[in-house]
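Naming: A, B, ... by sequence-line order, numbering from 1 per chain.
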Amino acid sequence: MPFSIATWNINSVRLRMPIVERLLVEHAPDVLCLQETKVPDELFPEKAFRKLGYEHIAFHGQKGYHGVATVARRPIEVVERRRFCEIEDSRHLSVTVRAGGKTILLHNFYVPAGGDEPDPAVNVKFAHKLAFLDELHAMEKLRPRSGERAILVGDLNVAPLEHDVWSHKQMLKVVSHTPVECEKLNAARNAGGWIDSMRVHTPEPEKLYTWWSYRAMDNWKAADRGRRLDHVWTSNALADRISAIKIAKDYRGAARPSDHVPVTATVEI
DNA sequence: ATGGTTGCTTGGCAA
């Protein structure tokens, strides 16, 4: 049976409930993982999700910044809300869900953006990002066991491959595509045996983007200077079970859009 | 060209 999971950096879930509702109606994923919810847990708009049939809600939020949430049409159980770099940021949430008689572990991540200056010696935000990626790499507990069904999604804030950005050459010194962070993200993925399912589905050199800057003065769609910052990784056990991956690019053109668009993966379980 | 826009909050970060 098909099981679908969507991931979306929503950049304030309360502000963008109208387009979240549109996604849930139009795409109806079984599970939606949100990042940058920017809302403390006690103010999470649970009612709006419940009304749309997403009655199972887990969150790890904080006031003003960051925050992740996982909402589902079927029961989920919270596994962990992990703290990274000994900083009390809300950047991770893992849950389990049952599908087709099987249990799937779902990780929802929001990796630090890292600021603008790509030098950890002068930019503590970039140093934090690199430390976060190192911690991800070292995390034994994150690595799927043999045969385990697991999916890791989220805004990983790194576009690791040449064709994950509009211009590899022009992006080499731009945070999100510097060699050091691309190598660290790839190393963390390899250490866990995770599969980059978006790139299995759409290999290079085809361009793949999930984010278009707010700052660009030109028309985002015409210029198409995007980056692939959002990812769907699967454990080996699910690697050949992905039947579809859809980047919902049209949501970037919605009224009051997020700068990220939803990515939905369908798994045959 | 060190800009530009957006959100949370009302001054200034973070993205």
Side-chain angles (χ1 to χ4, degrees), chain A residues 7-21 23 33-45 48 59-69 83-85 87-92 108-133 153-160 164-167 169-178 180-182 184-185 209-231 249 251-263:
Chain A
T7 181
W8 196 4
N9 178 318
I10 197 61
N11 187 17
S12 174
V13 68
R14 286 178 291 179
L15 187 66
R16 281 185 237 292
M17 274 316 293
I19 54 173
V20 172
E21 290 175 6
L23 180 81
C33 294
L34 295 167
Q35 302 87 34
E36 272 206 275
T37 52
K38 295 187 174 178
V39 61
D41 292 348
E42 61 273 19
L43 296 178
F44 192 88
F59 31 61
H60 181 190
Q62 67 185 85
K63 185 179 176 182
Y65 303 106
H66 321 314
V68 290
R83 184 179 57 138
F84 282 79
C85 304
I87 293 172
E88 295 296 338
D89 281 352
S90 301
R91 297 186 177 276
H92 169 258
N108 180 356
F109 269 100
Y110 176 48
V111 172
D116 289 334
E117 176 59 52
D119 179 356
V122 298
N123 174 8
V124 293
K125 291 198 287 284
F126 193 60
H128 176 213
K129 181 180 197 175
L130 298 182
F132 193 104
L133 293 171
V153 303
D155 176 7
L156 305 185
N157 263 318
V158 180
D164 290 341
V165 292
W166 65 278
S167 169
K169 196 177 168 188
Q170 286 177 255
M171 291 286 298
L172 281 168
K173 290 180 179 174
V174 176
V175 170
S176 72
H177 193 63
T178 63
V180 61
E181 59 193 305
C182 294
K184 284 184 187 294
L185 186 75
Y209 310 138
T210 65
W211 175 93
W212 292 261
S213 176
Y214 284 135
R215 299 185 197 178
M217 287 303 286
D218 47 20
N219 179 289
W220 73 271
K221 196 172 191 176
D224 203 24
R225 295 184 171 185
R227 305 178 199 171
R228 183 171 71 113
L229 303 181
D230 303 275
H231 297 264
K249 185 174 176 180
Y251 282 74
R252 185 61 179 80
R256 305 210 66 180
S258 169
D259 43 359
H260 296 251
V261 300
V263 181

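Protein atom CG of L15(A) is 15 Å distant from nucleotide atom C1' of dA15(B), rounded to whole Å. Here dA15(B) presents its P atom at 13 Å from CH2 of W211(A), a figure rounded to the nearest Å. Rounded to an integer number of Å, the gap from CG of D218(A) to P of dA1(B) is 19 Å. With rounding to whole Å, W212(A) atom CH2 is found 17 Å from dT6(B) atom P. The distance between atom CG of L229(A) and atom P of dA15(B), rounded to the nearest whole Å, is 13 Å. One interatomic measurement links the two molecules: NE2 of H128(A) to C1' of dA14(B), which rounds to 13 Å at whole-angstrom precision. For the pair L156(A) CG and dA15(B) C1', the interatomic distance rounds to 16 Å; values are reported in whole Å. One can place CG of N9(A) at 11 Å from P of dA15(B), the figure rounded to the nearest angstrom.
There is no side-chain donor-acceptor pair under 3.5 Å between E36(A) and S258(A). With 3.5 Å as the limit, one finds a donor-acceptor pair spanning the side chains of R227(A) and S176(A). Side-chain contact, W211(A) with N9(A): no donor N or O sits under 3.5 Å from an acceptor N or O.
When the P atom is used for both dA1(B) and dA14(B), the distance is 28 Å, rounded to whole Å. Comparing the same atom, P, in dT2(B) and in dG12(B) gives a spacing of 23 Å after rounding to whole Å.
The shortest distance between the side-chain N/O atoms of R14(A) and the OP1/OP2 oxygens of dG7(B) is not below 4.0 Å. Applying the 4.0 Å criterion to OP1 and OP2 of dA15(B), one finds that H66(A) has a side-chain N or O inside that range. Proximity of K125(A) to the phosphate of dA14(B): a side-chain N or O atom is located under 4.0 Å from OP1 or OP2.
With sequence neighbours excluded, the residues satisfying side-chain contact (heavy atoms from CB on, under 4.5 Å) with K221(A) are N219(A).
Among the protein residues, R16(A) comes within range of the sugar-phosphate backbone only, with heavy atoms under 4.0 Å from sugar or phosphate atoms but none that close to a base. Residue-level contact check: R91(A) touches the backbone only, with heavy atoms under 4.0 Å from sugar-phosphate atoms and none from bases.
Along DNA chain B, the nucleotide nearest Y110(A) and the nucleotide nearest P257(A) are compared for position; the residue whose nucleotide lies closer to the 5' end is P257(A). Each of H260(A) and V13(A) has a nearest nucleotide on DNA chain B; the 5'-most of these lies closest to V13(A).
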Tabulated below should be each protein N or O lying under 3.5 Å from an N or O of nucleotides 3-5 of chain B; please produce it.
{"from": "dT5(B)", "atom 1": "O4'", "to": "Y214(A)", "atom 2": "O", "distance (Å)": "2.9"}

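What you find for N108(A) and A69(A) is that their closest heavy atoms are ND2-O, 3.0 Å.
Note that OG1 of T7(A) is 7.5 Å distant from CG of D155(A), once rounded to the nearest 0.5 Å.
For residues 10-19 of chain A, the side-chain hydrogen bond (donor to acceptor under 3.5 Å, both in side chains) pairs, not counting sequence neighbours, are N11(A)-K38(A), N11(A)-Y214(A), R16(A)-Y214(A).
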